[in-house]
Amino acid sequence: MLSRNYGTCLLLFLLVSSTLFAPSMSQLDSPWAAKKKHMREKVRKMFYHAYENYMEHAFPHDELKPLTKSFTDSLSELGNLKLEHLPENYNGSALSLIESLSSLVIMGNNTEFERAVKWLSENLTFDIDARINLFECNIRVLGGLISAHILATDSTNRLVQGSYKNQLLNLAEDLGRCFLPAFSTPTGLPYAWINLKYGVMENEITETSTSGCGSLILEMGALSRLTGDPRYESAALRALRKLWSMRSSLNLLGTTLDVTTGEWIEYSSGIGAGVDSFYEYLLKAYILFGKEDYWRIFQSAYLAVQKYFRHGPWYHEADMRTGKATYWQLTSLQAFWPGLQVLVGDIAAANSSHREFVHVWKKFGVIPERYLLDHQMLHPTEKYYPLRPELAESTFYLYQATRDPWYIQVGESIVNSLNSYTKVEGGFASVRDVTTMQLEDHQHSFFLAETCKYLYLLFDDSFLVDQNYIFTTEGHPLPILSSWHERLPETYIPTYWTYAKGEQQTRRASAMSLRECPAMALRPGYGFQQIESACHIPDSRADHRCFDDEECGVDSTTCRRRSCTMAGYCGLWIL
Ligand code: DMJ
């Protein structure tokens with residue numbers, strides 16, 4: 001039997017049903033309940049300050065420029081390339097409205113959600129001569145629409161007028177269709193840029209990033225499941241498989257590659273920019289679709305990261321061919337990693353990395369985009385902080401996993417910094433330089449989709465009670481549905497038994513043991529069944545000697561994969 005599901009078990013358990021298993025907020029942390037309520041209201045105000053200013057000064061354009069109270073049509077410029085083909089009368093794609101949809105629902109504003117859905121249904125079109133970045137458009141627009149469609153049609157009947165006829169899904173499908181020509185390459189790896197109306201432009205650049213072509217599967221997979229058209233999921237899966245086939249013998253990938261030749265361009269990579277969501281989507285795709293392949297790939301990729309990039313709580317970059325360290329840099333995007341580690345079940349590692357990011361946040365007031373660890377100085381040209389969500393995201397996951405009120409304090413200090421340094425009359429502005437706190441005229445849409453959402457969920461997770469969601473890399477929730485699962489998880493980890501406190505008794509429970517979502521399993525009256533461990537896999541040789549990791553098994557106590565040490569023995573040395 002296999003060990004691969006231990007993380008998923010914990011993750012489903014922690015994220016999905018924490019409020020079920022853990023004693024309720026008021027029981028467990030009553031001294032903190034008032035603080036959490038107060039902070040939740042502070043975050044709600046932040047969100048509406050950003051949202052209302054966007055609606056007043058920028059909508060239906062894409063993003064708000066909060067200092068000048070004007071707008072930018074950034075969707076077509078994302079990835080720092082200017083759009084050459086924007087029609088003169090183009091009014092934008094209401095990007096920040098799309099990005100706000102799921103946050104509105106999480107904050108309980110069904111009226112505004114309904115108004116937004118109606119406007120988008122009547123006005124949004126992708127029939128425009130616009131060259132867009134496939135990855136950004138996928139995570140922000142396709143993900144935003146799909147998530148909102150699901151929220152609009154779930155059993156809560158939040159759309160009271162009953163006028164919703166799958167318009168958001170139809171829009172998502174229109175967009176998905178525009179994406180498909182990008183995948184017509186000899187390798188199946190998609191172009192990074194595509195014109196919504198005309199497909200791949202002549203002389204289009206063939207360079208893309210690992211995350212750009214390896215993290216499309218959640219949104220495109222969900223689109224296929226919702227529409228019954230398999231083309232979206234197949235295209236994204238084919239690209240992901242091709243990408244993984246390009247890994248080195250160390251199970252490492254580079255950062256950039258050519259989609260026509262399938263050759264690497266940049267051999268150095270880490271867990272930050274250009275690669276981050278590749279790892280994230282492997283694990284989340286496994287959770288959402290239950291395909292064992294995703295777990296196998298994720299497990300190998302995760303172990304390689306821990307082996308070649310990790311240096312204590314820090315992660316440097318390394319050359320995929322040799323595993324030798326290349327750049328010793330902390331980047332703001334890396335701060336999502338502890339959140340992913342919570343999903344894996346690696347809480348101790350998550351906690352120690354998270355603490356370092358918090359330390360950096362406290363040192364500068366926010367997290368700078370890039371910090372040179374070897375020189376202990378800021379990167380000369382990347383001193384900015386564009387309101388990124390990653391630290392808030394990891395803090396939310398760690399609090400869900402541990403209920404340690406320390407994370408509430410971290411959340412509070414993030415909120416306070418955002419309010420003191422970035423709040424302006426016209427919204428929230430990015431920080432251009434963390435040493436001077438000089439501002440920049442841009443409120444990125446992910447501030448509405450992610451930063452405010454994760455902070456809100458940190459202080460009030462009532463949206464997650466009795467629900468099974470995963471969040472896309474842009475923070476849009478997708479429900480975990482058994483009908484989307486290829487098959488249910490096979491194995492479970494007794495070491496990770498979680499205790500569910502009922503009114504009269506405490507019960508042990510595990511998603512893996514029961515082979516279904518714990519929220520279902522722990523309903524009152526559900527018969528609890530104990531099943532023996534299945535994670536033990538012996539090493540290939542009885543004397544535990546090895547040449548590579550493949551010859552090592554899985555530790556029966558911790559259910560961790562053993563790996564081959566430099567001395568040629570299988571062991572649990574990655575700790
Ligand atoms: C967001 O668009 C997503 O979180 C993405 O995965 C990374 N960059 C931004 C936020 O920093």
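Counting starts at 1 for both ligands and their atoms, in listed order.
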* Test ring-ring contact (aromatic ring centres under 6.0 Å, His included) on Y279 and W337 and set out the steps. => CA-CA 9 Å; Y279 294 107; W337 190 256; 5.6 Å; yes
* Pairwise salt bridge (charged side-chain N to carboxylate O under 4.0 Å, His left out) hits with a residue in residues 420-429, at least two apart ->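 As it turns out, the salt bridge (charged side-chain N to carboxylate O under 4.0 Å, His left out) pairs with a partner in residues 420-429, which skip direct neighbours, are K69-E425.
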* Sequence neighbours left out, what pairs pass salt bridge (charged side-chain N to carboxylate O under 4.0 Å, His left out) with at least one residue falling in residues 384-397? =>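 Sorted result for residues 384-397: E369-R388.
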* What do you reckon, are the aromatic ring centroids of F47 and Y51 less than 6.0 Å apart? ->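 Yes: the rings meet the under 6.0 Å criterion.
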* To do: Please confirm whether Y469 and F463 have ring centers closer than 6.0 angstrom.
  =>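 Ring centroids of Y469 and F463 are less than 6.0 Å from each other.
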* For T395, which residues count as a side chain to side chain contact (heavy atoms under 4.5 Å, CB included) partner, sequence neighbours excluded? ->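 Partners of T395 by the side chain to side chain contact (heavy atoms under 4.5 Å, CB included) criterion, ordered by chain and then number, come out as H354, L391, Y407, V410, I414, L458.
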* ligand 1: protein residues within heavy-atom distance under 4.0 Å ->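 Residue list for ligand 1: I139, R140, L333, R388, P389, E390, F446, E450, T473, E474.
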